[in-house]
Amino acid sequence: MIFNKRFGRYTLVKKLAMGGMAEVYLGLKRGPDRFEKLVALKMLHTHLADDPAHVEMFYREARLGGVFDHPNLIRVFDADVIDSRHAMLMEFVPGQTVEALATRLRERGESLPAPMALAIVSDAANGLHHAHTARDLDGTALNVVHRDISPQNILVGHDGSVRVFDFGVAVASTASGQGQLAGKTAYMSPEQCRGKNVDARSDVFALGIVLHELLCGQPLFKRENHIKSIRAITEEDAPAPSTLREGLDPAIDAIVSKALSREVADRYASAWELHVALADYLAHHELVVHEREVAALVDSQFKAENEEISAVVQKILLAPEQSDATIDLSTFDLKAAAKQADVGIQTRLESDGGDSPLAKAASESLRPASAPLDGVANAALMDQLSRARRRGTLLTVVALFAVALALAAWLRPRPPAMEAAAPVAAGPSLVEVPVESIPPGATITVDGVDRGERTPARILLAGDQSVVLGLSLDGYVSQQVPLTPSASNPTAARVTAELQIDPDSALAPIGAVRIVVNPPDAEVFVDGDRAGAGSPVLVEGLVLNREHQLRVAKQGYETLHFPVTLDNADILEIQLDLAEAVELGTVTITSRPPRAEVFINGDRVGETPIERLELPANQTYTVEVRRAGAPRWRRAIVLRAGADETLLADLGVRDDAAEPTAAPATGEPATGRPATPTAEPTPTPEPEPVPEPEPEPRYQLLTD
């Protein structure tokens, strides 16, 4: 899917990735003297552009990436609003994620060599340590915690390098209220699962999961739903990798076990310590993993994908290049140029043809070298130079044209003195007009005359004179655009035309996609219109080189939204697996007195107060609050989607009270002294309010 679409100073080449918050494109930046640079452009989804929380999160990630300067982290070079899109400019590293590499190997019945797995995680830990200890430009410690370390966010380049990226949900370890769940459940630390504040050691735990999975070739804590994954992380012990992979050195088990310790204090104190432990193991056992070995593995597994990227880039580079410069030779010293030119004049004129702009300019502009070119000659010269610029023969044509004009002036009979003294009428002012079409590549005509230009292009027109621009492209309806460029305001002239497909043309650029969905009865929508249901769904009649919005939905499953751009008429097959929808609710639990232990479905989740703990919705949870010397408080709740439940456990004791001593049955206090009766007024009973019936109780008192 090739875009070749202008985006600010960049050309969008290909979509690389799409997530829930943003999408990433491969971009091309061109500069003077054939400067060309591939970059990655990350853009916030348009439907989130007005959401302050997402915009803030997006630029926080950009800010962090701008501070990072480490070979194991993706760098961010710039962030701004470009063409009304929030965008950040990032380093482009051709490669694949660790998840893609591991999946490809598993599909082919192979596994990642153990030393290479250790080296990849070691490099990732090195980069993470730099992020954890990074400081702002003023020296302020950022205390970054990634919170979303997973195989999807570690890149292995075709050059063998390893880079951590996507700090979209990163927070400072000192930030208040960071306890909300974030990241992928199967790679969270126990403290992250419980909604507690996290520090760098939480990312160490996540790296331990990645290392375990790379060594063993299978998921560690991923279960069929989020709550089961959380319970696996907080309750189950990870099996030793050497018991799951034959021939693996048991000494590696200790490194993995320490990284995966559920107790934070028992883990590696930093990502740097994990990096050193892995590097020391490799060095001690003389296991040298060169970057070229990693590169060779990535190339062998993703050769076709790498070649596709290269082919796409080549297509963009060969597309018509736009020129932003106008060359004015109205005062060019033709005699000096004629002396320096070493070109065969007659041969070149004959090869261009007698009707070429160059030949016409040479025959019609016969005047002394000091005279300026008139409007017709200047326009012809500009047109010829524009074509030569694309052929790489600019200097040759300039020199040839200079020689042609000088020779024509020398051969022409001298006019009478009176005529020679007559002033030369000034030609019309020329205006450079950018002409674009969607899709590009349309032929441009001016008043029916083919200028030999294709969109996008910049053409020269006489100022304040009306013309009709014609745009034609095979398979599309031709357009005629009246235009009168203003000589006084030349920058106001611009033509942008969106060409409509001609359905009756045999060359109409139409493609199709076949969508295979699991579950098979999901519905498919294209550009808002229902395309069908029942896998597979064939969607035909899609316009090429144009972005179409696809939506796949089924009740009870997460809805997928993604763009598709076709660049040829072949049927594109898309396979999708819809994940079961997980709606969340939050629960806030406080107690009187505080600092009581809280258990949900038997799992300890922390001490009160616990604020806005996210849990899967539409499920029943048993909440217990325990404190020494106080009766146990227990409730069952049904957490609804989007609800924010608040529970107050009144344990019936003061915060500073000792464990109470049971009083005698006689009503006397524990001291044995008779209690002094105190007369109290008898309260007037109030009528009990009639409770409103509830369709379903939200709380249920459970007895032992």
Side-chain angles (χ1 to χ4, degrees), residues 1-29 37-100 124 127-128 131 134 142 144 146-158 161-171 182-184 305 309 312-313 316 547 549 560-565:
M1 304 176 191
I2 305 173
F3 288 88
N4 195 19
K5 177 182 178 182
R6 181 182 296 174
F7 182 70
R9 298 175 297 165
Y10 308 95
T11 300
L12 298 184
V13 177
K14 182 180 177 65
K15 181 170 289 187
L16 297 176
M18 181 177 66
M21 190 175 76
E23 51 194 350
V24 182
Y25 290 85
L26 176 62
L28 174 65
K29 177 66 172 68
K37 179 72 174 177
L38 291 174
V39 298
L41 287 159
K42 185 171 186 177
M43 306 178 208
L44 186 68
H45 288 316
T46 53
H47 67 275
L48 300 177
D50 296 327
D51 185 342
H54 282 92
V55 173
E56 180 184 0
M57 187 183 303
F58 183 81
Y59 284 112
R60 183 172 66 240
E61 178 186 359
R63 176 197 174 198
L64 292 176
V67 173
F68 298 156
D69 186 12
H70 193 275
N72 296 124
L73 296 174
I74 291 291
R75 299 173 176 87
V76 175
F77 301 127
D78 196 5
D80 206 345
V81 177
I82 304 176
D83 292 348
S84 302
R85 295 285 301 272
H86 297 290
M88 69 176 81
L89 174 67
M90 304 188 302
E91 174 185 19
F92 171 64
V93 180
Q96 299 291 331
T97 64
V98 167
E99 180 194 39
L128 262 181
L142 297 174
V144 174
H146 189 288
R147 294 203 305 170
D148 196 17
I149 290 297
S150 67
Q152 295 93 321
N153 291 335
I154 302 175
L155 180 77
V156 183
H158 283 281
S161 63
V162 176
R163 285 172 168 81
V164 177
F165 64 98
D166 199 354
F167 283 76
V169 296
V171 295
K184 301 170 185 67
E305 289 82 353
I309 289 287
V312 168
V313 172
I316 296 297
E547 187 174 277
Q549 295 296 327
L560 289 182
H561 298 264
F562 58 96
V564 170
T565 303

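Position 1 is the first residue of the sequence, and the numbers go up from there. Worth knowing before you read on, the calculation uses all heavy atoms, side chains too, and leaves out hydrogens, waters and symmetry mates.
- For the pair M57 and D51, the minimum side-chain heavy-atom distance is 4.5 Å or more.
- At distances below 3.5 Å, at least one donor-acceptor pair connects side-chain atoms of N153 with backbone N or O atoms of D148.
- Side-chain contact check for R85 versus E23: some heavy-atom pair is nearer than 4.5 Å.
- Residue K42 holds its NZ atom at 5.5 Å from CE of M21, rounded to the nearest 0.5 Å.
- Residue H561 holds its NE2 atom at 10.0 Å from NE2 of H45, rounded to the nearest 0.5 Å.
- Side chains of Q152 and S150: a donor-acceptor N/O pair is present below 3.5 angstrom, by distance only.
- Between A49 and L44 the shortest heavy-atom distance is CA-CD2, 4.1 Å.
- Note: R163 CZ to T97 OG1 = 15.0 Å, rounded to the nearest 0.5 Å.
- The distance between the ring centers of F167 and F68 falls below 6.0 angstrom.
- Between Y10 and L89, the closest side-chain pair of non-hydrogen atoms falls below 4.5 Å.
- The distance from the NE2 atom of H54 to the CG atom of L48 is 5.0 Å, given to the nearest 0.5 Å.
- The side-chain heavy atoms of R9 and I82, taken from C-beta on, include no pair separated by under 4.5 Å.
- In this structure, V67 and A134 approach most closely via the heavy-atom pair CG1-CB, 4.3 Å.
- Looking at L28 and L38, their side chains come closer than 4.5 Å, going by heavy atoms from C-beta outward.
- With N72 contributing its side chain and V162 its backbone, the two residues share a donor-acceptor pair below 3.5 Å.
- Of the possible polar contacts, one joining the H146 side chain to the D166 backbone as a donor-acceptor pair under 3.5 Å is found.
- Listed for the E91 side chain is a donor-acceptor partner under 3.5 Å among the backbone atoms of R75.
- In this structure, the separation between CG on L73 and CG on L64 is 10.5 Å, given to the nearest 0.5 Å.
- Closest approach of H86 to Y59, counting heavy atoms only: ND1-OH, 2.7 Å.
- Considering only heavy atoms from C-beta on, L142 comes within 4.5 Å of R63 through its side chain.
- Contact check for M90 versus F165: no side-chain heavy atoms found under the 4.5 Å cut-off.
- Taking each heavy atom of S161 and V93 in turn, the nearest pair found is OG-CG1, 4.1 Å.
- Taking 4.5 Å as the limit, every side-chain heavy atom of V39 sits out of range of all side-chain heavy atoms of F77.
- To the nearest 0.5 Å, atoms OH (Y25) and CE (M43) are separated by 5.5 Å.
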